[in-house]
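Below: one structure, written as structure tokens.
The structure presented is a predicted model; accordingly, all values stated were derived computationally and were not measured. One-based numbering, in listed order, for ligands and for the atoms of each.
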Amino acid sequence: MQLLLTLLLSAVVNGAAIQKRDPPVGGDVVAAQVQALAESMRTATPKKAMKVEEITPRFAGAKRLRLQYGPYKLKAANSTTRVGNGMSMDKGGTGYQYLVADDYPRDVTVLETETMILDEKFQRADTKDGIYNHHNVFMDFTSAPVAAFGCEDLGKAATIPISVLSGGATEVAGMTFAAAKNEIKSGYYLTKDRHVLNMMDVVNYNNVERTVYISAEIEFLPGKVPGYLDARQQLVDPGLCSGESGTGIHPPHGVTKFSVNSTGIVVAHDGYIVNMRGHLHDGGVNIVFKVNNKEICNSVATYGGPGHTSHTSDGKVWETIATTTLCDTPLKVTKGDKIYMEAHYDLEQHPSREQGGHGGMKMGAMKTVLDGDDGAEQMALIVTHFAYAK
Ligand SMILES: *[C@@H]1O[C@H](CO)[C@@H](O)[C@H](O)[C@H]1NC(C)=O
Ligand SMILES: *[C@@H]1O[C@H](CO)[C@@H](O)[C@H](O)[C@H]1NC(C)=O
């Protein structure tokens, strides 16, 4: 169970859909276990927010709520006593998991969400402060999203029965299901019987117990709005159809500059790519995304700035990835359209966390579980929000 959950969460957090490959070696078994796990999640304990505020919406006519959850105790770094009711992927971490209660919206068309971990003073908890947000995700276990991307030569791809509603696979913990300038109408319809589970895993590097809170913003229109296309987060993994998965890339031996290219990916459902952004770890330079050979997004990583600059143990300035360009002009796509992504890396210019960290924070706990190898630090994913045409 633990391993499966780890795998599942890695898939959600790192954004890999658990896809059936050809031949489906164990694929059906994994799918069945994931289904069983999803089933068990529906009965987790519900938790009410400490505080619910209505705040200014970003989209005209919408309503935006900020829900605050907690307090959540984090174990001290030097303590071996387990705290929390969830699992942590880091041996120094604390995990919590709860279903949201009735105060969290239901039967709404979600336009945008944003999540954040707050410290004791209700300020954004920061790595400077010794608090590292491994993940903080709100997942909807109600139904499996339809795969938006698949392979030229395979049948329909199977996806796990989970949709990420909030948090997840982006550097910025904001997710927008609606088009930036209302070019198309789309949103994530959250059903009346939604089962939304919040899973958090936070690492405390201080030798004292700490307390954190979760801030979860959700902007929505009431009900299932007629004319709105349903949207979900959908990821493009260069290894979807063949080759290495974009969730754990092994840099080629003795090379610091290299690229990872996808092959054979196609659009699996008519619709719109509402917005898209590359997901890279330290070492990544950019990801170029093409549809039918035409470049539609060049998502470039930005390094450094407040909260993303520190020093290595030998005193060198060490800049970590801050964000990647968001491309938010919706693009209409048709089933069969050819998808191509090309991710570029320069490990000399941007040392990966493990190389640069010199025994500082260890961020690689998850990859050890996934492939048991030290070399797979790099990521290459395109995170999209996809609206399905009817
Ligand atoms: C952890 O470190 C704190 C501060 O140095 C100390 O007071 C405490 O006794 C330590 N706890 C353990 C279990 O070592
Ligand atoms: C990816 O494509 C680019 C441009 O076509 C090429 O230069 C590069 O060698 C390719 N990388 C791999 C790993 O095939």
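- Nearest-heavy-atom check against atom 3 (C) of ligand 2 across His344, Glu342, Glu244 picks out Glu342.
- At the shortest separation from atom 14 (O) of ligand 2 among protein heavy atoms lies Asn261 ND2, 3.4 Å.
- The protein atom (non-hydrogen) at minimum distance from atom 6 (C) of ligand 1 is Asn78 ND2, 4.2 Å.
- Proximity of a side-chain donor or acceptor of Tyr345 to a complementary backbone N or O of Met379 within less than 3.5 Å is detected.
- Ring geometry, Tyr132 versus Tyr205: the interplanar angle falls from 30° to 60°, so the pair is classed tilted.
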*Would you sort out whether Tyr228 and Tyr189 count as a ring pair (Phe, Tyr, Trp, His ring centres under 6.0 Å), showing the intermediate values?*
CA-CA 9 Å; Tyr228 270 64; Tyr189 177 62; over 10 Å; no
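- Of the candidates Phe149, Tyr272, Tyr188, Phe149 is the only one forming a ring-ring contact (aromatic ring centres under 6.0 Å, His included) with Phe386.
- For Glu112 and Arg58, the salt-bridge test passes: some basic side-chain N is under 4.0 Å from an acidic carboxylate O.
- Counting the atoms of ligand 2 from 1 in the order shown, those under 4.0 Å from a heavy atom of Ser259 are 1 (C), 8 (C), 10 (C), 11 (N), 12 (C), 13 (C).
- There is no protein heavy atom less than 4.0 angstrom from atom 9 (O) of ligand 1.
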